[in-house]
Asks: 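Questions regarding the structure given below will be posed in turn.
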Amino acid sequence: MTNVLLGAFIVTMATALFAAEQQPAATDYIIGPQDVLTITSFDQEDLSGKYPVDADGTFTFPLIGRVKAGGLTLRELETELKRLLKDGFFKDPQVAVGVDSYKSQKIHIVGEVRNPGTFALTGDMSLIEAIARAGSSLPNASGEILIVRAKAGQSTSGPVMPNGSETDVTTVDLKELQSGALRQSVALRDGDTIFVPRAETVYVFGQVKLPGAYPIQRNTTVLQALSLAGGVSERGATGRIKIVRLENGKTVEVRVKLSDIVRPGDTIMVPERFF
């Protein structure tokens, strides 16, 4: 039992360390206009406080005057403040910079989420946290999330949809992300659009309990699709199931097994037993 607990502890610690490496550190956050900074001076308490960054990327700090913060990371600003305070004010100034209010960087979350919209991007926001900010995905959401990013030189002020050569698109498996798969983690950037598409559907008719249209995920089998429709009725023949499918502009009928993968737009027909 002790070995099991020790093994679980090692796995947990390794997972936490890996996650820390994958997520951007808060000190790597790039400051922008309208951000409100929290600056703590350990040499003189009166210098500590909240400082809003103006539209030109600067703010006023006591003793120093106007300080450029826009475009710098929190750590770079700390270094700059220490350098300026060391010039005639303190021998070895100690300053810490944080963010009280994130306002300069935004992400857009659209598609099948409960509360789509534009959200402030914090320094360490993960993809799963961003989806949670939008109220989580809806039941009819696809099994994938698209992170759409405009390429360099493309000017955007709102959500960006996949557009060939003008955007970079990263696809993330939603189920793996929700299950905690760290390899699905993606560092978000200012202006990113998180698009949660609607799941594609299949139609299930014939001898099933709840015929109708049902959303499917990638690699859904015939058996799984039948389960969505409540399963085959007592009069259904599972050995003669066929799919009506559109191929090359023509409608064809395909005999299938329960383990076969369905395609979006398929119509699954379950016939009645002969006896």
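Atoms considered below: every heavy atom in the structure, side chains included; atoms not considered: hydrogens, waters and symmetry mates.
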Asks: Check I31 against S104 and note the closest heavy-atom contact, atom names and distance.
Replies: C-OG, 4.4 Å

Asks: I want to check something: taking the side chain as every heavy atom from C-beta on, are K103 and V53 in contact at a cut-off of under 4.5 Å?
Replies: no

Asks: Check whether any side-chain N or O of Q224 sits under 3.5 Å from a backbone N or O of I261 as a donor-acceptor pair, and report yes or no.
Replies: no

Asks: Under 3.5 Å, is there a donor-acceptor pair between the Q207 and S233 side chains?
Replies: yes

Asks: May I ask you to decide if V160's main-chain N or O and T193's side chain share a donor-acceptor pair within less than 3.5 Å?
Replies: yes

Asks: In sequence, state the C-alpha distance, the side-chain angles, and the governing distance for V67 and L77, and then conclude on side-chain contact (heavy atoms from CB on, under 4.5 Å).
Replies: CA-CA 9 Å; V67 179; L77 180 57; 4.0 Å; yes

Asks: Going only through I, L, V, M, F, W and Y residues with side-chain contacts under 4.5 Å, is there a path from L258 to M269?
Replies: no

Asks: About how many Å separate CG of L74 and CG of L37, when rounded to the nearest 0.5 Å?
Replies: 7.0 Å

Asks: Nearest heavy-atom pair of I216 and A199: which atoms, and what distance?
Replies: O-CB, 3.6 Å

Asks: Checking side-chain hydrogen bond (donor to acceptor under 3.5 Å, both in side chains) between R149 and each of D190, D192, D168, which is the one that passes?
Replies: D192

Asks: If you count the non-hydrogen atoms of other residues, nucleotides and ligands that lie under 6.0 Å from CG in L223, is the total more than 12?
Replies: yes

Asks: Would you name the heavy atoms of R189 and L121 that are closest together and state the gap between them?
Replies: C-CD2, 3.5 Å

Asks: Do R83 and E80 sit within salt-bridge range, that is, some charged N less than 4.0 Å from a carboxylate O?
Replies: yes

Asks: So do D260 and V254 actually touch side chain to side chain, heavy atoms under 4.5 Å?
Replies: no

Asks: Can S48 and T40 be said to form a side-chain contact (heavy atoms from CB on, under 4.5 Å), step by step?
Replies: CA-CA 4 Å; S48 299; T40 303; 3.9 Å; yes

Asks: Where is the tightest heavy-atom contact between Q217 and G143, given as atom of each residue plus distance?
Replies: OE1-N, 2.5 Å

Asks: Determine whether V222 and F205 fall in the same hydrophobic cluster, where Ile, Leu, Val, Met, Phe, Trp and Tyr are linked whenever their side-chain heavy atoms lie under 4.5 Å apart.
Replies: no

Asks: Do L210 and I268 share a hydrophobic cluster (ILVMFWY, side-chain heavy atoms under 4.5 Å, transitive)?
Replies: yes

Asks: Any side-chain heavy atom of E247 within less than 4.5 Å of one from R263?
Replies: yes

Asks: Spell out, yes or no, whether F90 and V95 are grouped together once hydrophobic residues are joined by side-chain heavy atoms under 4.5 Å, including indirect joins.
Replies: yes

Asks: Let me confirm one number: the CD1-CD1 distance from I194 to I131, rounded to the nearest 0.5 Å.
Replies: 5.0 Å

Asks: Could you check whether any side-chain heavy atom of L138 comes within less than 4.5 Å of a side-chain heavy atom of V196, counting everything from C-beta outward?
Replies: no

Asks: Is it the case that more than 12 heavy atoms not belonging to D87 sit under 6.0 Å from its CG atom?
Replies: no

Asks: May I ask you to test the L81-I64 pair for a side-chain heavy-atom distance under 4.5 Å?
Replies: yes

Asks: If only atom types and distance count, is the side chain of D54 paired as donor or acceptor with the main-chain N or O of D56 below 3.5 Å?
Replies: no

Asks: How far apart are the closest heavy atoms of T167 and M161, and which atoms are they?
Replies: CG2-O, 3.7 Å

Asks: Roughly how far, to the nearest 0.5 Å, is CD1 of I39 from CG of D100?
Replies: 11.5 Å

Asks: If you take all heavy atoms of G236 and V270, which pair is closest and at what distance?
Replies: CA-CG1, 4.2 Å

Asks: Counting only heavy atoms from other residues, nucleotides and ligands, does the tally under 6.0 Å from NZ of K106 exceed 12?
Replies: yes

Asks: May I ask you to test the D35-Y29 pair for a side-chain heavy-atom distance under 4.5 Å?
Replies: yes

Asks: Under 4.5 Å between any side-chain heavy atoms of L174 and S137, yes or no?
Replies: yes

Asks: Quick one: which residue pairs count as a ring-ring contact (aromatic ring centres under 6.0 Å, His included) with a foot in residues 38-57, not counting sequence neighbours?
Replies: Y51-F59, Y51-F61

Asks: Using a cut-off of 6.0 Å, state whether more than 12 heavy atoms not belonging to R240 lie near its atom CZ.
Replies: yes

Asks: For residues 217-254, which residue pairs pass the ring-ring contact (aromatic ring centres under 6.0 Å, His included) check, not counting sequence neighbours?
Replies: none

Asks: Kindly work out whether a path of hydrophobic side-chain contacts (I/L/V/M/F/W/Y, heavy atoms less than 4.5 Å apart) joins L226 to L228.
Replies: yes

Asks: One pair to check against side-chain hydrogen bond (donor to acceptor under 3.5 Å, both in side chains): S227 and Y214. What are the steps and the verdict?
Replies: CA-CA 10 Å; S227 297; Y214 293 93; over 6 Å; no

Asks: Which distance, rounded to the nearest 0.5 Å, do you find between the OG of S142 and the CZ of R198?
Replies: 11.0 Å

Asks: If you measure from CD1 on I128 to CZ on R133, what distance do you get to the nearest 0.5 Å?
Replies: 13.0 Å

Asks: Is any side-chain heavy atom of N140 closer than 4.5 Å to a side-chain heavy atom of T201?
Replies: no

Asks: Could you give the distance from CZ (F195) to CD (E112), rounded to the nearest 0.5 Å?
Replies: 8.0 Å

